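Only one structure is covered here, and it is reproduced in the block below.
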Amino acid sequence: MPSGTTYGNRKVAVAGVALSDCGRVDQATPYALHAQAARRALADSGLDRSVIDGFASAGLGTLAPVEVAEYLGLHPTWVDSTSVGGATWEVLAAHAADAIAAGHANAVLLVYGSTARADIKAGRRTSNLSFGARGPLQFEVPYGHTLIAKYAMAARRHMHQYGTTLEQLAQIAVQARANAAANPDAMYRDPITVDDVLGGPVIADPFTKLHCCIRSDGGCAVLLVAEDYVPDLAKPPVWVHGSGTAVSHTTMSEWDDFTVSPAAVSGRLAFARAGVRPAEIDVAELYDAFTYMTLVTLEDLGFCAKGEGGAFVGEGRLLRDGELPVNTDGGGLAACHPGMRGLFLLVEAVRQLRGEAGPDRQVRKPDGRLPHLAVASGTGGWFCSSGTVVLGRG
């Protein structure tokens, strides 16, 4: 197990993390949520904003991240705006860690904010069924092949091939809501049952409403720094031990296997570069736009064999005090999902490793110690992209 493993030429640490106001935020702009999260993350780190020489953002502005950096009053000499859907933030974190390790930047701020829910409520935007109809998508979108239909079709294939049941998929939603119950920032905290999930309105067969992520407002920020800054931090560092990224497809006909996500590649790379095995991970924060996404990501990261995800997610294994705590804040199924949720995974992973999650939802090992290793894995598009980051204490 690594202890301050060298990542490239310099070790890279997470210095500060924070959320903006989340959930129902009707009186703020996305820019304001970016700024709020950035200020809080800086305060969490104990560093001055003058140390920031790198900036990564995506999803807002015509010239992202230039517009957001301008709004925040930053003048970075290293920037990135790689946008690959929900995996964006793990990919950006991997890029930032590489840049810091190589000496191209010293302190990189990653920040995100969205008022996706408030905008729809206020009529400033409408819901979208697809990402667009240009390029390769022109061959699918006209026939009603929506975003959620792509996930639903993949889930059906897993059910057909491996015998995965709707009840097993529903268990993921039930356990996510149970984890959210102890999170005061979660949007939905009331318990649900498997019957509640199965009995809800069908959105895209086999998914009912509770198989799908919520729509919320919110933002968050993560500050990554070179090891040189660690003595000045307000809190003990969380180290970046390894990362991996991968892309798979955009056209469904080009997806080789509906039961395998690109996390099978990004996870293998991240664990190998970190020098750890999946069995050593104490906490997993996984992108969960739909219940099937959680299940197949668990398989592809190596927490169980392919086809065994249905059995693996049962019996409370994903709960805070379960065998493998997953999405300890409630995830996108219950806590928040303002759009590209990947950065929230990193925030929660860091808080768990620091022991800051609070008495009711802090993960602890059987002997009472804090978790030592966490993995954050984001998925973009309809399993089009993946980014996986391994984090650890000490």
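Every heavy atom of this structure was used, including side-chain atoms; hydrogens, water molecules and symmetry mates were not. Remember, predicted model here, so these are calculated numbers, not experimental data.
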Discussion item. Let me confirm one number: the CG-CG distance from Leu109 to Leu42, rounded to the nearest 0.5 Å.
Written reply: 6.5 Å
Worksheet item: Quick check, are the ring centers of His158 and Tyr292 under 6.0 angstrom apart?
Response: yes
Discussion item. Any non-hydrogen side-chain atom of Phe383 less than 4.5 Å from a side-chain atom of Pro262?
Written reply: yes
Fill in: Verdict with supporting geometry, His160 and Phe258, ring pair (Phe, Tyr, Trp, His ring centres under 6.0 Å)
CA-CA 11 Å; His160 169 77; Phe258 285 9; over 10 Å; no
Worksheet entry | OG on Ser20 to CG on Asp185, rounded to 0.5 Å | 10.0 Å
Practice prompt. State, yes or no, whether a side-chain contact exists between Ile148 and Ile203 at a heavy-atom distance under 4.5 Å.
Written response: yes
Discussion item. Quick test of your reading of the model: are Asp321 and Arg364 salt-bridged, counting only N-O distances below 4.0 Å?
Written reply: no
Discussion item. Counting only heavy atoms from other residues, nucleotides and ligands, does the tally under 6.0 Å from CD of Glu70 exceed 12?
Written reply: no
Worksheet item: With a distance cut-off below 6.0 Å to the six-membered ring centre and an angular limit of 45° from the axis, does Arg24 pair with Tyr188 as a cation-pi contact?
Response: yes
Worksheet item: Can Arg354 and Asp44 be counted as an ion pair, charged N to O under 4.0 angstrom?
Response: yes
Discussion item. Less than 4.0 angstrom from a charged side-chain N to a carboxylate O is my criterion; do Asp329 and Arg189 meet it?
Written reply: no
Fill in: side-chain hydrogen bond (donor to acceptor under 3.5 Å, both in side chains) partner of Thr328, the single match among Arg361, Gln352, Arg351, Arg320
Gln352
Discussion item. Tell me whether Arg177 is salt-bridged to Asp190, with the criterion being a basic N under 4.0 Å from an acidic carboxylate O.
Written reply: no
Discussion item. Just checking Glu315: does its CD atom have more than 12 heavy atoms from other residues, nucleotides or ligands closer to it than 6.0 angstrom?
Written reply: no
Fill in: Arg124, CZ atom: more than 12 neighbouring heavy atoms under 6.0 Å
yes
Discussion item. Regarding Asp300 and Arg268, does a basic nitrogen lie under 4.0 Å from an acidic carboxylate oxygen?
Written reply: no
Item to complete: Identify the heavy atoms of Phe312 and Arg317 that sit nearest to each other, and give their distance.
Response: O-NH1, 2.6 Å
Item to complete: Can you label the angle between the Phe290 ring and the Tyr151 ring as parallel, tilted or perpendicular, going by 30° and 60°?
Response: tilted
Worksheet entry | salt bridge (Lys or Arg N to Asp or Glu O under 4.0 Å) partners for Asp21, two or more places apart | Arg40
Discussion item. Going by side chain to side chain contact (heavy atoms under 4.5 Å, CB included), name the residues that satisfy it together with Ala152, two or more places apart in sequence or in a different chain.
Written reply: Ala204, Pro206, Phe207
Practice prompt. Rounded to the nearest 0.5 Å, what's the gap from OG1 on Thr77 to CG on Asp53? Could you check?
Written response: 4.5 Å
Worksheet item: What is the distance from atom SG of Cys22 to atom CG of Leu33, rounded to the nearest 0.5 Å?
Response: 7.5 Å
Discussion item. For Asp367, give me all partners under salt bridge (Lys or Arg N to Asp or Glu O under 4.0 Å), at least two apart in sequence or on another chain.
Written reply: Arg369
